Amino acid sequence: MRILISGVAGFIGSHLADGYLARGHRVVGLDNFITGSQANLAHLVSVAEFELRPLDVAAPFSIEGPFDLVIHAAALASPRDYLAHPIESLDVGAAGTRNLLEIARRDHARFLVTSTSETYGDPAEHPQKETYWGNVNPIGPRSCYDESKRYSEALTMAYHRVYSLPTRIARIFNTYGPRMQAADGRVVPELIGQALAGRALTIYGDGAQTRSFCYVSDLVDGLMRLAESGDALPVNLGNPAEITIGDFAAVIRRLAGSSSAIEYHPLPQDDPRRRRPDIARAQNLLGWEPRVPLEQGLRETIEYFRARRPQSTLSA
Ligand code: UDP
């Protein structure tokens, strides 16, 4: 297959490119590097089956086809990034999704959009099933991300209904692993960075809020299965093992061998209190479930960040 992946220099996009290249496919990757990183693609520079086009998918662009599969993975996924770039965040979900859907329509390609558990907002239903419509503040600070993803789901369904395009919607829950940005503010790189530097671990609120963390290799496996054998309705992809942020900080501190203190900060506005995917649909439809236990995935991730720490602070 010839596959188009937007957001290819990002955390999930670069792992997806690796997954398809390893299976003998060709990948054309798009990225405007607003949050993506060249380092995530360094190992692909001399790979003939990979081609990078540095461009903004939210602006008009043309690209020669045909493609067999189009994956829209470009997004500003970290709260710090989307709060700093709310308009770009809305644009990549709106114009970006439209531009990539048009390429899929032109080429009669399958289309997959990486949506998010944020479509459920601060959920009143727990765990979250795909049938739950969500509890999203449409004008709050997180709305630029949540509503851009909800719009991109709506647009994808419209293309499916109007043009019979074979589309897929993945609702991705918190995912972690190597190639996350070190300083993007998300809880995984943030706490690992703090633990490795011996700085205090910052917990927002009282740490009783929960998340469910999926290792990136499991997520990529789920996305590839969904592209191949799913249907048009949304599918949750995530690890149902739920943990409080307080307990999560303690696990990171232990695995990093750190004696960092814990420091409490105010909870950001509209921060969801609980989040855990119901993955029955992914299990039934795709035969998929996550396999990597939290501690194993976190060890890999901690090693990744440890290896990338500036030389002068290695002994800190
Ligand atoms: N969080 C925290 N300390 C940090 C960063 C995040 O306690 O240094 C909390 C955040 O308030 C949220 C959870 O960890 O409750 C996950 O945050 P993240 O930004 O990773 O993603 P979210 O799931 O909120 O999109």
Side-chain angles (χ1 to χ4, degrees), residues 10-12 35 73 75-86 89 92-93 114-123 126-128 134-137 140-150 170-216 219 236-253 256 258 260-277 294 297-298 301-302 305:
F11 164 50
I12 290 172
T35 57
L76 295 115
S78 126
R80 184 178 293 169
D81 289 335
Y82 63 67
L83 293 173
H85 303 282
S89 188
V92 73
T114 58
S115 185
T116 169
S117 55
E118 286 281 331
T119 58
Y120 302 120
D122 186 8
H126 191 80
Q128 293 80 53
N135 177 32
V136 172
N137 176 353
R142 296 175 87 104
S143 65
C144 57
Y145 184 67
D146 300 6
E147 299 294 8
S148 91
K149 291 291 194 177
R150 288 167 68 97
R171 289 194 181 141
I172 300 175
F173 283 65
N174 294 68
T175 301
Y176 70 100
R179 300 191 198 152
M180 295 187 93
Q181 292 183 84
D184 77 0
R186 281 188 282 185
V187 71
V188 174
E190 204 66 19
L191 296 188
I192 291 177
Q194 292 162 348
L196 291 177
R199 284 183 278 121
L201 270 52
T202 53
I203 291 186
Y204 300 162
D206 61 4
Q209 73 271 35
T210 69
R211 294 294 186 271
S212 308
F213 294 95
C214 184
Y215 192 62
V216 66
L219 179 82
N236 287 340
L237 292 177
N239 191 321
E242 184 181 1
I243 185 169
T244 67
I245 294 300
D247 287 347
F248 188 65
V251 173
I252 286 181
R253 192 166 58 166
S258 162
S260 291
I262 300 281
E263 210 174 77
Y264 292 89
H265 292 255
L267 192 67
Q269 188 188 331
D270 297 337
D271 196 281
R273 280 158 301 163
R274 303 184 76 184
R275 186 183 291 153
R276 174 188 177 185
L294 182 66
L298 278 179
T301 311
I302 289 168
F305 282 112

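In listed order, ligands and their atoms are each counted from 1. Residue numbers run from 1 in the order of the sequence given. These numbers were taken from a predicted model, which means no experiment stands behind them.
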Problem - Evaluation steps, side-chain hydrogen bond (donor to acceptor under 3.5 Å, both in side chains), between Gln194 and Thr202 - result: CA-CA 8 Å; Gln194 292 162 348; Thr202 53; 2.9 Å; yes
Practice task
Go through the steps for Glu242 and Thr210 under the test side-chain hydrogen bond (donor to acceptor under 3.5 Å, both in side chains), then give the verdict.
Solution key: CA-CA 6 Å; Glu242 184 181 1; Thr210 69; 2.6 Å; yes
Practice task
May I have the step-by-step check of side-chain hydrogen bond (donor to acceptor under 3.5 Å, both in side chains) for Asn236 and Tyr120, ending in yes or no?
Solution key: CA-CA 11 Å; Asn236 287 340; Tyr120 302 120; 2.8 Å; yes
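For atom 5 (C) of ligand 1, the closest non-hydrogen atom on the protein side is Tyr204 CE1, 3.3 Å. Among protein heavy atoms, atom 13 (C) of ligand 1 sits closest to Ile245 CD1, 3.7 Å.
Under 4.0 angstrom from ligand 1, the non-hydrogen atoms of Asn174 all belong to its side chain. Under 4.0 angstrom from ligand 1, the non-hydrogen atoms of Arg142 all belong to its side chain. With a 4.0 Å cut-off on non-hydrogen atoms, Glu118 touches ligand 1 through its side chain and not its backbone. With a 4.0 Å heavy-atom cut-off, ligand 1 is reached by the backbone of Arg186 and by its side chain too. Contacts between Thr202 and ligand 1, counted as non-hydrogen atom pairs separated by less than 4.0 Å, involve both the backbone and the side chain.
Within the listing of ligand 1, atoms 8 (O) sit less than 4.0 angstrom from a heavy atom of Glu190. Taking every non-hydrogen atom of Asp271 and a distance limit under 4.0 Å, the qualifying atoms of ligand 1 come out as 10 (C), 11 (O), 12 (C), 15 (O). Residue contact check: Ile203 has heavy atoms under 4.0 Å from atoms 7 (O) of ligand 1. Atom numbering of ligand 1 starts at 1 in the shown order; those under 4.0 Å from a heavy atom of Gly185 are 5 (C).
The main-chain N or O of Pro272 is found under 3.5 Å from a side-chain atom of Arg211 such that the two form a donor-acceptor pair. The backbone N or O of Arg273 sits less than 3.5 Å from a side-chain atom of Asp122, completing a donor-acceptor pair. The backbone N or O of Gly185 sits nowhere less than 3.5 Å from a side-chain atom of Ser78 that would complete a donor-acceptor pair.
Here the straight-line distance linking atom CG of Leu191 with atom CZ of Arg186 works out to 13.0 Å at 0.5 Å rounding.
The shortest N/O to N/O separation between Pro79 and ligand 1 does not fall below 3.5 Å. Between Gln209 and ligand 1, at least one pair of N/O atoms sits closer than 3.5 Å.
In this structure, Arg80 falls outside the shell of residues with a heavy atom less than 4.0 angstrom from ligand 1. In this structure, Gln194 does not count as a contact residue of ligand 1, since none of its heavy atoms falls inside 4.0 Å of the ligand.
A salt bridge links Glu118 with Arg275: at least one charged nitrogen is closer than 4.0 Å to a carboxylate oxygen.
For the pair Phe11/Val216, a side-chain contact is recorded, criterion being any heavy-atom separation below 4.5 Å from C-beta on.
Here the shortest heavy-atom distance to atom 18 (P) of ligand 1, taken over Val187, Leu201, Thr116, belongs to Val187.
Using cut-offs of 30° and 60° for the angle between ring planes, the Phe213 and Phe248 rings count as parallel.
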